[in-house]
Amino acid sequence: MLQLNFIREQKERVLIGLQKRNFTTPQVIEDLLRMDDERRQTQADLNDLQAENNRISKEIGDLFKEGKRAEADALKNTVAASKETVKSLEEKLKNLESEIDNLLLSVPNIPHESVPHGKTADDNEVYRAWDRSLPDLPADALPHWELATKYNVFDLELGTKLTGSGFPVYRGKGAKLQRSLISFFLDENTAAGYEEILPPHMVNADSARATGQLPDKEGQMYYMERDDLYMIPTAEVPVTNIYRDVILEENQFPIKLTAYTPCFRREAGSYGAHVRGLNRVHQFDKVEIVRFEHPDHSYAALQEMLEHVAGLLDKLELPYRILKLCGGDMGFTSALTYDFEVYSAAQKRWLEVSSVSNFETYQSNRMKLRFRDGKKTTLAHTLNGSALALARIVAALLENNQTPEGIVIPQHLRRYTGFEKID
RNA sequence: GGAGGAGUGGCAGAGUGGUUUAAUGCAACGGUCUUGAAAACCGUCGUACUCGAGAGGGUACCCGGGGUUCGAAUCCCUGCUCCUCCGCCA
């Protein structure tokens with residue numbers, strides 16, 4: 001969430017940023033500033049009154065000690081009389097604060113100045129195109145869901161029996177391939193200096209709110225009412241929240257974490273041909289990287305993450321391109337997002353396999369993640385990215401690497417799988 | 001799930017209704033001394049909001065929420081977490 005001081009001091013920039021996002025109700029900015037003025041006035045009034053009451057209470061204590069009971073009793077009445085006022089001011093302040101908070105939660109992050117204008121995914125900018133050749137498959141090449149059946153890689157119908165639609169059951173070499181990819185990604189990430197984390201797969205509402213899933217994506221998460229817990233939609237949520245309510249020392253930067261978790265997403269209302277097979281499922285595996293950075297270095301860090309993810313795809317020998325998302329397509333909490341898309345040759349489509357973002361202070365403000373900056377505290381920057389999401393990588397691997405003899409495993413994965421082909 | 005105990009600053013740990021503006025110790029930071037270091041000594045040392053050009057001032061916060069009182073870290077209610085014992089259990 002944005003900081004009110006930032007909105008007050010850089011109102012023009014905020015309005016321009018919101019416009020880039022096609023944010024439809026920019027008048028909330030004026031509302032916020034007006035409510036904040038009222039909040040400050042209310043707090044000043046309340047504090048004055050409390051100061052006066054504190055002073056009198058102390059006086060009453062002194063009078064009692066001196067045995068001047070009558071005078072003390074008279075003063076008691078003075079304080080008692082202002083009690084109602086204190087109470088109503090407190091309530092007013094609380095209401096204003098929560099109204100401001102709710103309103104702030106509805107305002108998305110301000111895009112970085114380099115973010116392109118646009119409304120939909122069609123307006124995203126190709127940041128790095130694929131300039132090598134694309135796989136040239138024969139006309140009878142199969143989409144991954146048919147390959148899965150042919151080679152017993154995963155079974156969607158069985159998942160439907162066990163759980164419901166969108167919960168694949170991986171089998172045999174397919175299951176081993178999942179495990180191999182997870183290990184490969186984690187090893188690559190830790191080699192790049194990321195500490196491996198194995199977090200809980202459920203989080204409480206505080207955590208979901210801090211990273212921005214609540215209230216914005218409430219309907220996308222599986223929720224267990226009985227225990228008031230959410231199944232994580234990404235490792236970003238538990239991992240980023242490790243540093244909720246923390247004040248870092250400047251020399252602790254950069255903090256680099258990586259975690260494998262399954263991800264659970266309701267994906268309400270998405271059905272149809274374009275979500276067949278592994279293109280969109282309710283449960284998938286993902287290895288995430290998360291960073292906490294000094295504001296001066298967060299964009300350099302973002303660039304570094306970009307190259308890291310690109311390196312992973314290079315090792316998997318998958319054709320990919322990098323998009324810079326336009327204002328209309330970016331996530332609510334992000335300031336700048338790059339998407340990685342892998343080319344899935346049999347479907348002849350680009351599939352999103354990674355999203356790498358800088359959230360600047362948007363998450364850290366909700367999380368109260370600061371660092372000591374001389375005498376004061378300053379909000380840190382948070383970033384994260386997939387490195388990588390498995391399901392669609394598997395889809396692309398199956399399709400692009402199909403041969404008459406079976407599915408060829410990329411060189412770098414073989415020491416994890418122990419086999420060279422799925423046949 | 002049952003019974004009992006406990007939650008105070010980075011850590012340890014005092015504090016059961018009014019100089020608590022939370023003692024003291026440790027750690028940390030700055031300084032004096034020293035060739036350097038250690039020791040010693042002096043000083044600084046929570047967070048947030050707010051007023052102020054600044055110096056500095058005000059308010060709130062002792063696990064969270066509510067209450068009693070002129071006044072609450074302290075008393076009451078409630079929730080959460082941790083510890084001990086019992087039960088259940090991969």
Side-chain angles (χ1 to χ4, degrees), chain A residues 1-9 32-105 198-210 214 224-230 238 241-253 255 292 361-380:
Chain A
M1 120 182 117
L2 297 176
Q3 298 167 88
L4 261 173
N5 281 340
F6 174 77
I7 294 178
R8 198 180 307 120
E9 285 159 19
L32 275 168
L33 292 177
R34 201 185 53 247
M35 285 161 73
D36 189 46
D37 286 341
E38 195 180 346
R39 187 203 106 238
R40 283 193 288 178
Q41 186 55 53
T42 305
Q43 174 158 347
D45 294 345
L46 175 62
N47 287 359
D48 288 348
L49 197 54
Q50 284 170 323
E52 176 69 2
N53 284 350
N54 285 346
R55 194 187 58 73
I56 296 174
S57 292
K58 210 162 265 177
E59 210 173 304
I60 292 171
D62 292 340
L63 287 171
F64 265 117
K65 273 190 205 154
E66 294 164 24
K68 298 178 181 168
R69 193 172 199 104
E71 287 179 47
D73 283 340
L75 282 178
K76 268 193 197 182
N77 293 332
T78 316
V79 180
S82 73
K83 234 183 147 178
E84 283 302 308
T85 317
V86 169
K87 209 163 202 169
S88 78
L89 282 174
E90 274 175 347
E91 196 162 322
K92 186 178 174 191
L93 186 64
K94 213 173 177 180
N95 287 340
L96 277 167
E97 281 172 350
S98 87
E99 275 180 59
I100 288 171
D101 240 39
N102 285 337
L103 213 48
L104 270 178
L105 284 174
L198 207 164
H201 298 171
M202 303 181 201
V203 292
N204 57 31
D206 282 344
S207 293
R209 197 174 299 112
L214 288 179
M224 275 147 295
E225 192 170 12
R226 185 167 174 167
D227 298 290
D228 195 21
L229 294 172
Y230 296 84
N241 271 281
I242 290 174
Y243 288 93
R244 170 152 51 87
D245 290 321
V246 167
I247 300 177
L248 297 164
E249 299 300 329
E250 221 174 310
N251 63 15
Q252 287 181 264
F253 292 123
I255 295 172
F292 304 88
T361 59
Y362 197 88
Q363 290 183 328
S364 58
N365 190 35
R366 285 196 188 184
M367 285 205 296
K368 297 202 207 65
L369 164 58
R370 301 90 96 207
F371 65 96
R372 287 193 198 286
D373 188 11
K375 276 205 105 159
K376 56 183 179 35
T377 63
T378 300
L379 294 173

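Because the structure is a prediction, the values reported are computed rather than measured. So you know, we letter chains A, B, ... as the sequences are listed, proteins then strands, and number each from 1.
In this structure, B:rA90 makes no Watson-Crick or G-U wobble pair, since no nucleotide meets both defining distances under 3.5 angstrom. Under the Watson-Crick or G-U wobble criterion, with both distances below 3.5 Å, B:rA14 is left unpaired in every strand shown. For B:rU47, the paired nucleotide is B:rA60, the pair qualifying as Watson-Crick or G-U wobble because both relevant distances are below 3.5 Å. Remark: B:rC82 base-pairs with B:rG5; criterion is Watson-Crick or G-U wobble with both hydrogen-bond distances under 3.5 Å. B:rA73 is unpaired under the criterion used here, namely a Watson-Crick or G-U wobble arrangement in which both key atom distances are under 3.5 Å. For B:rU32, the paired nucleotide is B:rA40, the pair qualifying as Watson-Crick or G-U wobble because both relevant distances are below 3.5 Å. The partner of B:rU21 is absent, by the rule that a Watson-Crick or G-U pair needs both atom distances under 3.5 Å.
Nucleotides of RNA chain B with any atom under 4.0 Å from a heavy atom of chain A span, from 5' to 3', B:rG18 to B:rG71.
Note on A:Arg372: only backbone sugar-phosphate atoms sit closer than 4.0 angstrom, heavy atoms only; bases stay farther off. Contacts of A:Thr377 with the nucleic acid, taken as non-hydrogen atoms under 4.0 Å apart, involve only primed sugar atoms and P, OP1 or OP2. Among the atoms of the strands shown, base atoms are found under 4.0 Å from some heavy atom of A:Ile60.
Partners of A:Arg226 under the salt bridge (Lys or Arg N to Asp or Glu O under 4.0 Å) rule, at least two apart in sequence or in another chain, do not exist in this structure. Every residue two or more places apart in sequence or in another chain was checked for a side chain to side chain donor-acceptor pair (under 3.5 Å) with A:Glu9, and none qualifies.
In this model, a donor atom of one side chain and an acceptor atom of the other lie less than 3.5 Å apart for A:Gln41 and A:Asp45.
Look at the P atom in both B:rG67 and B:rC61: the space between them is 13 Å, to the nearest Å. Using P as the reference atom, B:rA22 and B:rU74 are 15 Å apart when rounded to the nearest Å. Comparing the same atom, P, in B:rC85 and in B:rG30 gives a spacing of 46 Å after rounding to whole Å. Taking atom C1' in both B:rA73 and B:rG9, one finds a spacing of 13 Å when rounded to whole Å. The gap from the C1' atom of B:rU47 to that of B:rU34 amounts to 39 Å, rounded to the nearest Å. On the P atoms, B:rC62 is 27 Å away from B:rG56, given to the nearest whole Å. Comparing the same atom, P, in B:rU35 and in B:rC42 gives a spacing of 22 Å after rounding to whole Å. For the C1' atoms, the distance linking B:rG46 with B:rA28 amounts to 14 Å, nearest Å.
The side chain to side chain donor-acceptor pair (under 3.5 Å) analysis of residues 81-93 of chain A, with sequence neighbours excluded, yields the pairs A:Asn53-A:Ser82. For the side chain to side chain donor-acceptor pair (under 3.5 Å) condition, the pairs that include at least one residue of residues 200-210 of chain A, sequence neighbours left out, are A:Asn204-A:Ser207, A:Asp206-A:Arg209, A:Ser207-A:Arg244.
Checking A:Asp62 against A:Lys76, the closest nucleotide of RNA chain B that is more toward the 5' end is the one next to A:Asp62. Ranked by how close their nearest RNA chain B nucleotide is to the 5' end, A:Gly61 and A:Glu97 are led by A:Gly61.
RNA chain B lies under 4.0 Å from at least one heavy atom of each of the following residues of residues 44-54 of chain A: A:Asn47, A:Gln50, A:Ala51, A:Asn54.
A heavy-atom distance below 4.5 Å is not found between the side chains of A:Leu32 and A:Arg8. For the pair A:Arg55 and A:Glu52, the minimum side-chain heavy-atom distance is below 4.5 Å. Contact of the A:Phe6 side chain with the A:Thr361 side chain is not registered, since no non-hydrogen atoms from C-beta on lie closer than 4.5 Å.
Distance check, rounded to the nearest 0.5 Å: CD1 of A:Ile100 to CG of A:Leu33 gives 9.5 Å.
When each of A:Phe292, A:Tyr243, A:Phe371 is checked for a ring-ring contact (aromatic ring centres under 6.0 Å, His included) with A:Phe253, only A:Phe371 meets the rule.
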